[in-house]
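One structure is given below, encoded as structure tokens.
Residues take their numbers from the sequence shown, with the count starting at 1.
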Amino acid sequence: MIKTSEQKDIDEIAICHIKSFPNSFSSKLGKKYCKKMFEWYLSSNSTFLFHLKIDNNIIGYCGGNRR
């Protein structure tokens with residue numbers, strides 16, 4: 001099910017990112033950095049973040065800026 005992401009989802013989205021892109025610069029900086037990166041998407045009305053959940057696990061996400 002696709003859901004609009006909330007603060008409570010950030011930890012699992014960061015884990016999904018690190019598993020999906022283990023060699024990316026953000027993944028190499030660690031989970032704490034990735035969490036901050038995704039929190040930015042929740043910080044404004046002009047940004048968005050949603051995720052796909054199957055069997056109660058986040059398996060994908062998408063975020064962006066509406067501007």
As an exercise, state the distance from CE of Met37 to OG of Ser27, rounded to the nearest 0.5 Å. 7.0 Å
Under a single-linkage definition using a 4.5 Å side-chain heavy-atom cutoff for Ile, Leu, Val, Met, Phe, Trp and Tyr, are Ile59 and Phe21 assigned to the same hydrophobic cluster? no
Under a 4.5 Å side-chain heavy-atom rule over Ile, Leu, Val, Met, Phe, Trp and Tyr, are Phe25 and Phe38 clustered together? yes
Would you indicate whether the side-chain heavy atoms of Tyr41 and Ile13 approach each other to under 4.5 Å? no
Are any of the side-chain heavy atoms of Asn23 and Lys28 separated by less than 4.5 Å? yes
Pairwise side-chain contact, Cys62 with Leu49, heavy-atom cut-off 4.5 Å (strictly under): no
Taking atom OH of Tyr61 and atom SG of Cys16, what is their separation to the nearest 0.5 Å? 6.5 Å
Working for side-chain contact (heavy atoms from CB on, under 4.5 Å), residues Cys34 and Leu29: CA-CA 8 Å; Cys34 289; Leu29 288 174; over 6 Å; no
Going by ring pair (Phe, Tyr, Trp, His ring centres under 6.0 Å), name the residues that satisfy it together with Tyr33, two or more places apart in sequence or in a different chain. none
Which residues satisfy the side-chain hydrogen bond (donor to acceptor under 3.5 Å, both in side chains) test with Ser43, sequence neighbours excluded? none
To the nearest 0.5 Å, atom CG of Leu42 lies from atom OG of Ser5 at 7.0 Å
Side chains of Ile18 and Lys31, heavy atoms from C-beta outward: is any pair under 4.5 Å? yes
Leu52 and Ile58, any side-chain heavy atoms less than 4.5 Å apart: no
Using 0.5 Å steps for rounding, measure from the CD1 atom of Ile10 to the NE2 atom of His51. 9.5 Å
When rounded to the nearest 0.5 angstrom, what distance separates CD1 in Ile15 from NZ in Lys35? 8.5 Å
Check for a donor-acceptor pair, side chain of Ser20 on one end and backbone N or O of His17 on the other, with a separation under 3.5 Å. no
Taking only Lys NZ, Arg NE, NH1 and NH2, and the carboxylate oxygens of Asp or Glu, determine whether Lys3 and Asp9 approach each other closer than 4.0 Å. no
